[in-house]
Amino acid sequence: MCIRARTLPDREHAIATPMAKLTPRSQDFSEWYLDVIREADLADYAPVRGCIVVKPYGWTIYEHMRDFLDRRFKETGHVNAAFPMFIPLSFIQRESEHVQGFAPELAIVTHGGGEQLEEPLAIRPTSETIIGYSYAQWIKSYRDLPVLINCWNSVVRWEKRTKPFLRTTEFYWQEGHTAHATHEEAIEEVLRMLNVYYDHMREDCALPGIRGRKSIYERFAGAINTYSVESMMGDKRSLQSCTSHDLGQNFARAFEIKYLDRDNTEKYCWTTSWGLSWRLLGAVIMVHGDDQGLRLPPKIAPIQVVIVPIFKNDAEKSAVMEASSHIARTLKAAGLRVKLDDRDETPGFKFNDWEMRGVPVRVEIGPKDLANGTVALARRDLPSKEGKSFVPQAGLAERIQALLPEIHQSLLSQAEAFLHGNIRACYTWEEVKEAVQDGWALAPLEDNPANDEFIRGELSAKTLNFPLDQTEGEWKCVVSGKPVRERALIGKSY
RNA sequence: CGGGGAAUGGCGCAGAUGGCAGCGCGCACGGUUUGGGACCGUGAGGUCCCGGGUUCAAGUCCCGGUUCCCCGACCA
């Protein structure tokens, strides 16, 4: 079963570009997104509701993202481990807010080996509880702290409304779980990991975002504070790209995660958890993509450079192929991920094909280039003519190595301009109402669940977060009118 | 979970009033081509989403279900 595309209702467009495979982004962003996933060969639907099959090209992008992030976890002192995907139902019920938050989304196993289980097993929607059980056994002394563990796994949440990568029944992610002696240390960890995510997004994925604290209403079930990075998609809706939770002592108390301190008294640990899923790949698609398809940041692109040979006859072919192979070898030796496209297709077809797949750099080599000692160099981040130039073959590897960071920066800058250009400072409810029709509002807000509910009810938008970077000031809450010192981002979201 | 749309070859679609399952693209093979989605010829490819029912006969009509898309509710 495959992801289906719709007919292009825009006939004129279809005639103008008869081979168009994507719904134009401006016409229907949601269809465009699904079209890109299909045409760029990222994923298929699975025969199970809300589940997807991630194809090799899509998975390779995720692998690169994962590897960069994993490196950052290791650099900040974390180690990886694995815990069971089955969680005794009673574990999830131990933390009261946690169970309330997750009960509606649980998948539960009632049978095993042909027999009904004595205690049903939940398939993990997240692992705080089963990891808490282990931590309670592992942690005896202040000398055992902190515990800094990360898991790469998948979790299951029975979502009502799903969308490839953004919200799937099963999704791959990482979840970090740490335990600390003091609340200060735990808070430090929560913010450290928020910044690790923020840096990963910017530096590896060219994705800007706004770091902030979630409102009381929006925070994780069982946390005393949740932080997020909110990203703005191409349709100006927000995507919560990652979260980092200060769990206080809630799970420590529920699972008896205690240590004996220097003063010989027993104390509860302070725990944290933080996660980032393949949803971020959805953000890469929706932030960078255009009407030609994907535009991948070079660091996570499965193929960084594609070489397209051009020739008219056999004589030209052998000369061009020889030069192409040589260049491919040179670029590979320089550490670039290179693909020489020797398929029996026309160059024009290949140009479009690789643009669809988001390859950052294209090298074209034809007879004219052989004569001139040049190649045509095209960059995906700029429109076709603007991004194409003829450069000498000599020093090509160095040139491309220097170009990749430039493309990264260009994608980041474009996204950043879009993000900041679509946030409006608002000071009245009327202004907020108007701003969220076409972007985000930054407005004074009292952190009170009643206000969140009001916003949701009135606007089909929600409180995204209270940005960490706040300007000093005192305003009146746009909902309650009470004096506040903080402003919140409000917008439509995924 | 509520409202609306949809499901026919790998993809996009057509198949009034029930009567031999089709088109474009893609795919395979042969040839001509190749600097922005080439062309000619030949050919392969189908549980018409699933299960019941009506009928001499169901892609088409009726009932039930599944999945996908959109809007809402819900949701780290």
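Letters A, B, ... mirror the listed sequences (proteins, then strands); counts begin at 1.
Sequence neighbours left out, not one pair with a member in residues 307-326 of chain A passes side-chain hydrogen bond (donor to acceptor under 3.5 Å, both in side chains). For residues 215-236 of chain A, every residue pair satisfying the ring pair (Phe, Tyr, Trp, His ring centres under 6.0 Å) rule, not counting sequence neighbours, is listed here: A:His98-A:Phe220, A:Phe102-A:Phe220, A:Phe220-A:His245.
Considering only side-chain atoms of A:Arg456, the nucleotide from B:A73, B:C75, B:C68 that sits closest is B:C75. When distances run from any side-chain atom of A:Arg167 to the nucleotides B:G35, B:C75, B:C27, the shortest one goes to B:C75. Taking every side-chain heavy atom of A:Arg161 into account, B:C71 is the closest of B:U34, B:A38, B:C71. Closest contact between the side chain of A:Asp344 and the listed nucleotides B:C11, B:C75, B:U33 involves B:U33. Here the side chain of A:Lys312 is nearest to one of B:G37, B:C75, B:U34, namely B:U34. Side-chain proximity of A:Tyr45 to B:C68, B:G35, B:G36: nearest is B:C68.
A donor-acceptor contact under 3.5 Å is formed by the side chain of A:Lys388 with the base of B:G36. Judged by distance alone with a 3.5 Å cut-off, a donor-acceptor contact links the side chain of A:Glu355 to the base of B:G36.
Look at NZ on A:Lys462: it is 10 Å from P on B:C74, rounded to the nearest Å.
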Inset, instruction - Go through A:Phe171 and A:Trp278 one step at a time and tell me if the ring pair (Phe, Tyr, Trp, His ring centres under 6.0 Å) criterion holds. - result: CA-CA 7 Å; A:Phe171 60 94; A:Trp278 68 19; 7.5 Å; no
